[in-house]
Peer 1: 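Can you keep this structure in mind? I'll have questions shortly.
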Amino acid sequence: MTMDVRAVLEFATLTRGLSLFLQAVLNAAIPDHEADAFRPPHTEEPLYLDSTVEWLFGGLSRWDAEHFLFIAERGYLYEHNFAFFPLFPIILRGLAETLLWPLSSWLSVRGRLLVAVALGNTALFLLSVVAMHALSRFVLQDRRLALLSSLLYCITPANVFMTAGYSESLFAALTFGGLFLLEKGFTFRACLALSIATAARSNGLVNIGFLLYLPSLHAISQIRLYRTITKGHGKVFHYVWVIVRCLLTSLLGTAIIALPFCAFQYYGYRTFCTPSISLDRIPPALLSLAERKGYRVPDENGPPPLWCMRPLPLLYSHIQDVYWDVGFLRYFELKQIPNFILALPMATLGIMAAYAYFQANPEVCLRLGLWKTGATKGLDKPIPGFFNPRVFVYVVHSTVLLVFGTLCMHVQVLTRFMASSSPVPFWISAHLLLLNEPLLHRRKTLNPNVQLQTLSKNGCKNTPQNPLTALLPYFKACSPTTQSILGYFLLYWVLGLALHCNFLPWT
């Protein structure tokens with residue numbers, strides 16, 4: 001383990017412990033808001049330690065976390081539960097029934113699931129930090145930028161969703177890890193990781209774009225190299241084989257990544273369109289909730305829902321449309337202005353990343369980074385940092401997420417949507433800090449008493465390993481850019497815990 005990885009892991013462990021502590025304190029100090037959220041009744045009798053666990057970790061079970069906990073405990077009973085993919089509930093139930101099974105005499109299933117959330121998401125976040133650093137180090141080719149990006153990720157504005165009973169930490173670990181494997185050329189293992197990510201969140205399907213792009217880039221590089229070696233007189237068969245192999249890899253990889261999504265939609269179709277259970281097998285308290293709230297449950301004696309009759313009966317699309325009113329421009333209403341303001345900082349980072357990258361690399365962008373001309377002959381040995389041509393596909397991916405999240409989703413989820421799916425918000429933030437913060441430079445500043453030194457360009461250690469903790473005591477002396485970025489990260493980090501853990505509007 002390198003010194004950088006150790007420093008990032010230590011900081012990530014510190015922030016996870018602090019998050020768990022703060023959510024317990026804030027949950028106890030602030031009364032819960034009576035929100036119109038999914039709150040299923042607890043039909044199991046509480047055991048000795050349940051009240052203690054609820055006090056310690058109850059703040060982790062708010063908003064969508066209730067869906068994941070309910071699925072882990074009861075399975076997919078209600079129709080709208082199918083908006084939440086199965087991998088995370090399976091992991092929670094697995095932890096509750098194996099590692100935490102010795103506590104079954106003192107803790108109910110729900111109590112063990114809450115402990116599983118705290119332990120599982122802590123471990124998953126640490127894995128995602130390691131994957132984030134490895135991916136950043138390989139793509140950016142800049143040790144300082146990779147380190148600072150990973151440290152910023154540890155205080156992500158989506159912190160509460162990485163800590164609570166949400167699938168964001170799991171998805172980030174699988175996505176960043178899968179992309180690192182794909183960059184290293186381990187295509188099959190990368191496809192498996194990205195496929196498992198799709199079993200955690202539906203937007204894992206967007207990762208198919210990387211599988212279509214990176215092998216194509218590799219194939220073009222191979223053809224260019226072969227032409228150079230053979231001085232342009234290579235056999236056509238070699239070119240054809242490279243192209244065919246690229247196509248087969250992309251097609252097979254796409255099928256592997258999309259398989260969990262398709263299988264889950266088929267399971268939803270079988271559950272509601274050809275049900276095999278009757279209402280008398282559903283606990284009365286849960287059936288009463290369904291009748292009161294209008295939740296659909298599978299019933300072999302009832303008529304199938306209308307969505308089953310569609311040419312492509314996708315339950316996920318039906319749920320997003322009917323239960324969450326998700327659709328193109330549906331969120332563009334005056335009453336949603338506060339939510340657009342909430343998402344504005346993350347959207348600003350995404351826009352700045354795309355604009356800055358295009359300004360620095362117009363030829364790379366116009367040619368999709370796939371081949372070079374005389375104006376782009378630096379592609380083979382690019383300069384390290386955020387403007388590295390390797391970053392192009394990640395900026396495109398981030399921009400796609402930004403546009404889709406803004407136009408077609410509940411815009412307030414944009415923060416966690418992008419922070420768990422793309423490294424770009426952290427790369428551009430770290431890039432701006434290194435570019436604009438004198439305290440991170442070796443040159444003298446206006447106030448030599450607060451001068452800091454970080455890693456030098458050649459990567460030699462000459463300063464504190466964690467530039468963030470070194471900067472915070474001198475926050476008032478930092479540049480406006482640093483104050484804006486760190487202020488945003490830390491404010492959302494703490495405010496999210498305070499509001500989300502008490503059913504206040506932070507989803």
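This one's a predicted model, so the numbers in the text were calculated from it and none came from an experiment.
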Peer 1: Would you say the side-chain atoms of Asp50 pair up with the backbone N or O of Ser108, donor to acceptor, closer than 3.5 Å?
Peer 2: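 Checking the backbone N and O of Ser108 against the side chain of Asp50, a donor-acceptor pair under 3.5 Å is found.
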
Peer 1: Minimum heavy-atom separation for Ser422 and Ser398, please, with both atom names.
Peer 2: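 Scanning both residues completely, I find the closest heavy atoms to be OG-CB, 3.6 Å.
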
Peer 1: Give me the atom names and distance for the closest heavy-atom approach of Pro298 to Ile282.
Peer 2: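 It is O-CD1, 4.3 Å.
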
Peer 1: With a 3.5 Å distance limit and no angle check, can you tell me whether Trp63 reaches the backbone of Pro505 through a side-chain donor-acceptor pair?
Peer 2: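 Pair absent, no side-chain N/O of Trp63 close to backbone of Pro505.
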
Peer 1: Would you indicate whether the side-chain heavy atoms of Asn388 and Val139 approach each other to under 4.5 Å?
Peer 2: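 Of all side-chain heavy-atom pairs linking Asn388 with Val139, none is under 4.5 Å.
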
Peer 1: For Met132, does its backbone N or O pair with a side-chain atom of Ser136 as donor and acceptor, under 3.5 Å?
Peer 2: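 Pair found, side chain donor or acceptor close to backbone of Met132.
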
Peer 1: Would you call the rings of Tyr331 and Phe340 parallel, tilted or perpendicular, where under 30° means parallel and over 60° means perpendicular?
Peer 2: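 Tilted: the ring planes of Tyr331 and Phe340 meet at 30° to 60°.
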
Peer 1: How are the rings of Trp324 and His67 set relative to one another: parallel (under 30°), tilted (30 to 60°) or perpendicular (over 60°)?
Peer 2: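 Trp324 vs His67 ring planes: tilted.
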
Peer 1: Using a 3.5 Å distance criterion without hydrogens, assess whether the side chain of Ser195 forms a donor-acceptor pair with backbone atoms of Ile256.
Peer 2: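 Yes: the side chain of Ser195 pairs with the backbone of Ile256.
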
Peer 1: Counting only heavy atoms not in Phe188 (residues, nucleotides, ligands), do more than 12 fall under 6.0 Å from its CZ?
Peer 2: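 For Phe188, atom CZ is not crowded (no more than 12 foreign heavy atoms under 6.0 Å).
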
Peer 1: Does atom CZ of Phe138 have more than 12 heavy-atom neighbours, drawn from other residues, nucleotides or ligands, at distances under 6.0 Å?
Peer 2: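 Yes, enclosed.
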
Peer 1: Out of Leu499, Asn502, Asp32, which one pairs with Arg62 under the side chain to side chain contact (heavy atoms under 4.5 Å, CB included) rule?
Peer 2: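 Exactly one option meets the side chain to side chain contact (heavy atoms under 4.5 Å, CB included) with Arg62, and it is Asp32.
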
Peer 1: Do Leu342 and Tyr492 come close enough that some side-chain heavy atom pair is under 4.5 Å?
Peer 2: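 Yes - at least one pair of side-chain heavy atoms lies under 4.5 Å apart.
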
Peer 1: So do the side chains of Cys246 and Ser216 get within less than 4.5 Å of each other, counting heavy atoms only?
Peer 2: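 When only atoms from C-beta onward are counted, Ser216 and Cys246 do touch, with a gap below 4.5 Å.
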
Peer 1: Any non-hydrogen side-chain atom of Tyr78 less than 4.5 Å from a side-chain atom of Leu289?
Peer 2: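 Result yes, sub-4.5 Å side-chain heavy-atom pair found.
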
Peer 1: Crowded around Glu45 CD? As in, over 12 foreign heavy atoms under 6.0 Å?
Peer 2: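 Open.
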
Peer 1: Rounded to the nearest 0.5 Å, how far apart are CG of Leu99 and CG of Leu119?
Peer 2: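 Rounded to the nearest 0.5 Å, the CG-CG separation comes out at 7.0 Å.
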
Peer 1: Please check if the number of heavy atoms outside Asp280 that lie under 6.0 Å from its CG is greater than 12.
Peer 2: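 Atom CG in Asp280 is packed in, count exceeds 12.
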
Peer 1: To the nearest 0.5 Å, what is the distance between CZ (Phe68) and CG (Leu113)?
Peer 2: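 It is 13.0 Å, given to the nearest 0.5 Å.
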
Peer 1: As an exercise, state the distance from CZ of Arg93 to CZ of Arg112, rounded to the nearest 0.5 Å.
Peer 2: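 The CZ atom of Arg93 sits 7.0 Å away from the CZ atom of Arg112.
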
Peer 1: Donor-acceptor check, side chain of Gln23 to backbone of Leu56, threshold 3.5 angstrom: yes or no?
Peer 2: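 Yes, because the side chain of Gln23 sits within donor-acceptor range (under 3.5 Å) of the backbone of Leu56.
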
Peer 1: Using 30° and 60° as the class boundaries, would you call the ring planes of Phe272 and Phe82 parallel, tilted or perpendicular?
Peer 2: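 Aromatic pair Phe272/Phe82 classed perpendicular.
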
Peer 1: Side chains of Tyr166 and His500: does their closest heavy-atom pair fall under 4.5 Å?
Peer 2: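 Side chain of Tyr166 against side chain of His500, heavy atoms only: contact under 4.5 Å found.
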
Peer 1: State plainly whether the residues Asp64 and Arg416 are in salt-bridge range, i.e. N to O under 4.0 Å.
Peer 2: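 Judged by the 4.0 Å cut-off on N to carboxylate O distance, Asp64 and Arg416 do form a salt bridge.
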
Peer 1: Which heavy atom of Gln320 sits nearest to which heavy atom of Ala83, and what is that distance?
Peer 2: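 Heavy-atom minimum between the residues: NE2-CB, 4.1 Å.
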
Peer 1: Please give me the minimum heavy-atom distance between Leu414 and Leu401, naming the atom from each residue.
Peer 2: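 That would be CD1-O, 4.1 Å.
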
Peer 1: Which atoms form the tightest heavy-atom contact between Thr163 and Ser19, and what is the distance?
Peer 2: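 Looking at all heavy atoms of both residues, the closest pair is OG1-CB, 3.8 Å.
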
Peer 1: Just wondering, are more than 12 heavy atoms of other shown residues or ligands nearer than 6.0 Å to CZ in Arg270?
Peer 2: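 No, because the 6.0 Å sphere around CZ of Arg270 holds 12 heavy atoms or fewer from other groups.
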
Peer 1: Which residue in the set Tyr394, Phe176, Phe392 passes ring pair (Phe, Tyr, Trp, His ring centres under 6.0 Å) when paired with Phe210?
Peer 2: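 The single option meeting the ring pair (Phe, Tyr, Trp, His ring centres under 6.0 Å) with Phe210 is Tyr394.
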
Peer 1: Test Asn159 against Thr15 for side-chain hydrogen bond (donor to acceptor under 3.5 Å, both in side chains), laying out the working first.
Peer 2: CA-CA 9 Å; Asn159 168 60; Thr15 60; 5.9 Å; no

Peer 1: If you measure from OG1 on Thr175 to CG on Leu170, what distance do you get to the nearest 0.5 Å?
Peer 2: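 If we round to the nearest 0.5 Å, Thr175:OG1 and Leu170:CG are 8.5 Å apart.
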
Peer 1: With distance as the sole test, does Glu291 use its side chain to make a donor-acceptor pair with the main-chain N or O of Ser288 at under 3.5 Å?
Peer 2: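 Side chain of Glu291 to backbone of Ser288, a donor-acceptor pair under 3.5 Å: no, none is there.
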
Peer 1: If the test is side chain to side chain contact (heavy atoms under 4.5 Å, CB included), which one of Val8, Asn121, Leu9 qualifies with Leu126?
Peer 2: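 Single pass found, and it is Leu9.
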
Peer 1: Evaluate salt bridge (charged side-chain N to carboxylate O under 4.0 Å, His left out) for Arg39 paired with Glu34, printing each intermediate quantity in order.
Peer 2: CA-CA 11 Å; Arg39 288 185 175 183; Glu34 289 298 324; 3.7 Å; yes

Peer 1: Picking from Tyr316, Tyr76, Tyr269, what satisfies ring pair (Phe, Tyr, Trp, His ring centres under 6.0 Å) with Phe264?
Peer 2: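 It is Tyr76; the other options fail the test.
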
Peer 1: Taking NZ, NE, NH1 and NH2 as the nitrogens, is one of them in Arg281 or Glu300 under 4.0 Å from a carboxylate oxygen of the other?
Peer 2: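 No.
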
Peer 1: Are there more than 12 heavy atoms of other residues, nucleotides or ligands under 6.0 Å from atom CG of Leu306?
Peer 2: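 Atom CG in Leu306 is not crowded, with 12 or fewer foreign heavy atoms closer than 6.0 Å.
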
Peer 1: Would you say the side chain of Leu107 lies within less than 4.5 Å of the side chain of Val115, judging by non-hydrogen atoms?
Peer 2: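 Counting from C-beta outward, Val115 and Leu107 do come under 4.5 Å.
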
Peer 1: Any side-chain heavy atom of Val129 sitting closer than 4.5 Å to one from Tyr153?
Peer 2: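 The answer is yes, as the side chains (C-beta and beyond) meet within the 4.5 Å cut-off.
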
Peer 1: Using 0.5 Å steps for rounding, measure from the CG atom of Leu181 to the CG atom of Leu194.
Peer 2: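 Taking CG in Leu181 and CG in Leu194, the distance rounds to 8.5 Å.
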
Peer 1: I want to check something: taking the side chain as every heavy atom from C-beta on, are Leu248 and Leu252 in contact at a cut-off of under 4.5 Å?
Peer 2: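 Leu248 does not reach Leu252 side chain to side chain.
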
Peer 1: Can you tell me how far CD1 of Ile208 sits from CD1 of Ile257, rounded to the nearest 0.5 angstrom?
Peer 2: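 Reported value, rounded in 0.5 Å steps: 5.5 Å.
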
Peer 1: Let's go through Ser278 and Asn301 carefully: what are the C-alpha distance in whole Å and the side-chain angles of both, what is the deciding distance for side-chain hydrogen bond (donor to acceptor under 3.5 Å, both in side chains) to 0.1 Å, and is it a yes or a no?
Peer 2: CA-CA 7 Å; Ser278 57; Asn301 299 314; 5.1 Å; no

Peer 1: When you check the gap from the basic side-chain N to the acidic O, do Glu66 and Arg110 get nearer than 4.0 Å?
Peer 2: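 Salt bridge present between Glu66 and Arg110.
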
Peer 1: Please report the C-alpha distance between Ile428 and His431 in whole Å, then the side-chain angles of each, then the deciding distance to 0.1 Å, and finally whether the side-chain contact (heavy atoms from CB on, under 4.5 Å) criterion is met.
Peer 2: CA-CA 5 Å; Ile428 186 62; His431 170 77; 4.1 Å; yes

Peer 1: Over all heavy atoms of both residues, which pair between Ala419 and Met162 is shortest? Give the atoms and the distance, please.
Peer 2: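 Result for this residue pair: O-CE, 4.0 Å.
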
Peer 1: Are any side-chain N or O atoms of Glu44 and backbone N or O atoms of Val109, one a donor and one an acceptor, separated by less than 3.5 Å?
Peer 2: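 Side chain of Glu44 to backbone of Val109, a donor-acceptor pair under 3.5 Å: yes, one is there.
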
